[in-house]
Amino acid sequence: MSKKIWKSGTFIYPIPAVMVSCGDMEKSNIITVAWTGILNTNPAKVYISVRPERYSYNIIKEKGEFVINLTTKELAFATDWCGVKTGAKVDKFKEMKLTKEKCEFVQAPAIKESPVSIECKVTDIKEMGSHHMFIADVLSIDSDEKYMDENGAFDISKCNLIAYANGGYYELGRKIGKFGYSVQKKKKSTKK
């Protein structure tokens, strides 16, 4: 084998770096999460994994809801800051000059500056070890209109999303293909 072998660990990169807002419009918090993803399509289910000792853990557990806010190059500093500071001591919305936005289906606020906010209702909590996984139904996906294309679809290329990999934040690059392009039939040329 030509690859170097390391001890087992978490090394599936890149992964999303998201800011999860929780609480309500009066008393809320933001926790940065990298252990998040899609679990199911129908019904739409996602998860976040949070250490039980984190300030946001009990807020999410008690309220049974949260909002996943996608992050951008412009939000990278706030994303990192909200991940290293505790909401028990600081108001992260205030300190990072982020705007609380009222959600339609959950009490937790969305982050207005985020291009996409996903309203989630907890359906189950799985104790995994160092982290507990909050499994949630997606109640709504709220997207800023400036990131929509002419057909009303979300255009990821317009918002400079970031990802997390091995301790660093990375800007997502340009589109290099689309689902199914490897098997798509080539159009025949009509030129003679």
Linked hydrophobic residues, Val84 as query - side chain contacts closer than 4.5 Å: none
Side-chain polar contacts of residues 32-40 - donor-acceptor pairs under 3.5 angstrom, sequence neighbours left out - could you list them?
residue: Thr32; atom: OG1; partner: Thr79; partner atom: O; Å: 2.5
residue: Thr32; atom: OG1; partner: Gly83; partner atom: N; Å: 3.1
residue: Trp35; atom: NE1; partner: His131; partner atom: NE2; Å: 3.4
residue: Thr36; atom: OG1; partner: Tyr47; partner atom: O; Å: 2.8
residue: Asn40; atom: ND2; partner: Asn42; partner atom: O; Å: 3.2
residue: Asn40; atom: ND2; partner: Pro43; partner atom: O; Å: 3.0

Set of ring-ring contact (aromatic ring centres under 6.0 Å, His included) partners for Tyr57, sequence neighbours left out: His132, Phe134
Phe93: ring-ring contact (aromatic ring centres under 6.0 Å, His included) partners, not counting sequence neighbours: none
Minimum side-chain heavy-atom gap Lys178-Gln184 below 4.5 Å: yes
Side-chain heavy atoms of Ile48 within contact of Met133, under 4.5 Å: no
Side-chain (Glu119) to main-chain (Glu104) donor-acceptor, under 3.5 angstrom: yes
Cluster overlap Leu70 with Ile30, hydrophobic side-chain contacts below 4.5 Å: no
4.5 Å side-chain heavy-atom contact, Ile31 and Val50: yes
Ile141 with Phe105, same ILVMFWY side-chain cluster at under 4.5 Å: no
Spatial distance of atom OG1 (Thr72) from atom OH (Tyr147) [nearest 0.5 Å]: 6.0 Å
Close side-chain approach of Glu65 to Ile60, heavy-atom, < 4.5 Å: no
Side-chain donor/acceptor of Lys85 to backbone N/O of Glu95, under 3.5 Å: no
pair Cys120-Leu139: side-chain heavy atoms closer than 4.5 Å: no
Ile68-Ile156 co-clustered via ILVMFWY side chain contacts under 4.5 Å: yes
Ser117 side, atom OG; Ile111 side, atom CD1 - distance, nearest 0.5 Å: 7.0 Å
Audit row: Thr71, Ser114, side chain to side chain contact (heavy atoms under 4.5 Å, CB included) steps and yes/no: CA-CA 6 Å; Thr71 55; Ser114 171; over 6 Å; no
Straight-line distance of Asn58 CG to Glu53 CD, nearest 0.5 Å: 10.5 Å
Inter-residue atom distance Met19.CE - Leu98.CG, 0.5 Å rounding: 5.5 Å
Smallest separation among heavy atoms of Arg51 and Ser130, with atom names: CG-O, 3.5 Å
Donor-acceptor contact present, side-chain Glu113 to main-chain Leu75, <3.5 Å: no
Flag side-chain contact, heavy atom, 4.5 Å: Arg174 against Ser157: no
Check: Cys82 main-chain N/O paired with Lys92 side-chain donor or acceptor under 3.5 Å: yes
Stepwise side chain to side chain contact (heavy atoms under 4.5 Å, CB included) check, Val116 with Phe154: CA-CA 9 Å; Val116 175; Phe154 182 72; 3.3 Å; yes
Heavy-atom pair of closest approach, residues Ala110 and Ser21: CA-OG, 4.0 Å
Which atom of Pro14 lies closest to which atom of Ala163, heavy atoms considered: CB-CB, 3.8 Å
Validation row: Tyr169, Asp80 side chains within 4.5 angstrom (heavy atoms): yes
Transitive ILVMFWY side-chain link Tyr13 to Val18, under 4.5 Å: no
Remaining members of hydrophobic cluster (4.5 Å side-chain criterion), Met25: none
Interatomic spacing from CG in Asp149 to CG in Asp155 - rounded to 0.5 Å: 5.5 Å
Intermediate values then yes/no, side chain to side chain contact (heavy atoms under 4.5 Å, CB included), Glu171 and Asn160: CA-CA 6 Å; Glu171 200 175 345; Asn160 300 318; 3.8 Å; yes
Evaluation steps, side chain to side chain contact (heavy atoms under 4.5 Å, CB included), between Lys158 and Lys146: CA-CA 8 Å; Lys158 292 183 175 183; Lys146 69 183 177 183; over 6 Å; no
Any donor-acceptor N or O pair under 3.5 Å, side chains Asn29, Ser56: yes
Heavy-atom pair with the smallest gap, counting every atom of Ala108 and Cys103: O-SG, 3.3 Å
Straight-line distance of Glu26 CD to Lys100 NZ, nearest 0.5 Å: 8.0 Å
Within-4.5 Å side-chain heavy-atom neighbours: Lys61 and Ile125: yes
Residues that, via side-chain heavy atoms closer than 4.5 angstrom, fall in one hydrophobic cluster with Ile59: Tyr55
Same apolar cluster (I L V M F W Y, side chains within < 4.5 Å links), Val67/Val46: no
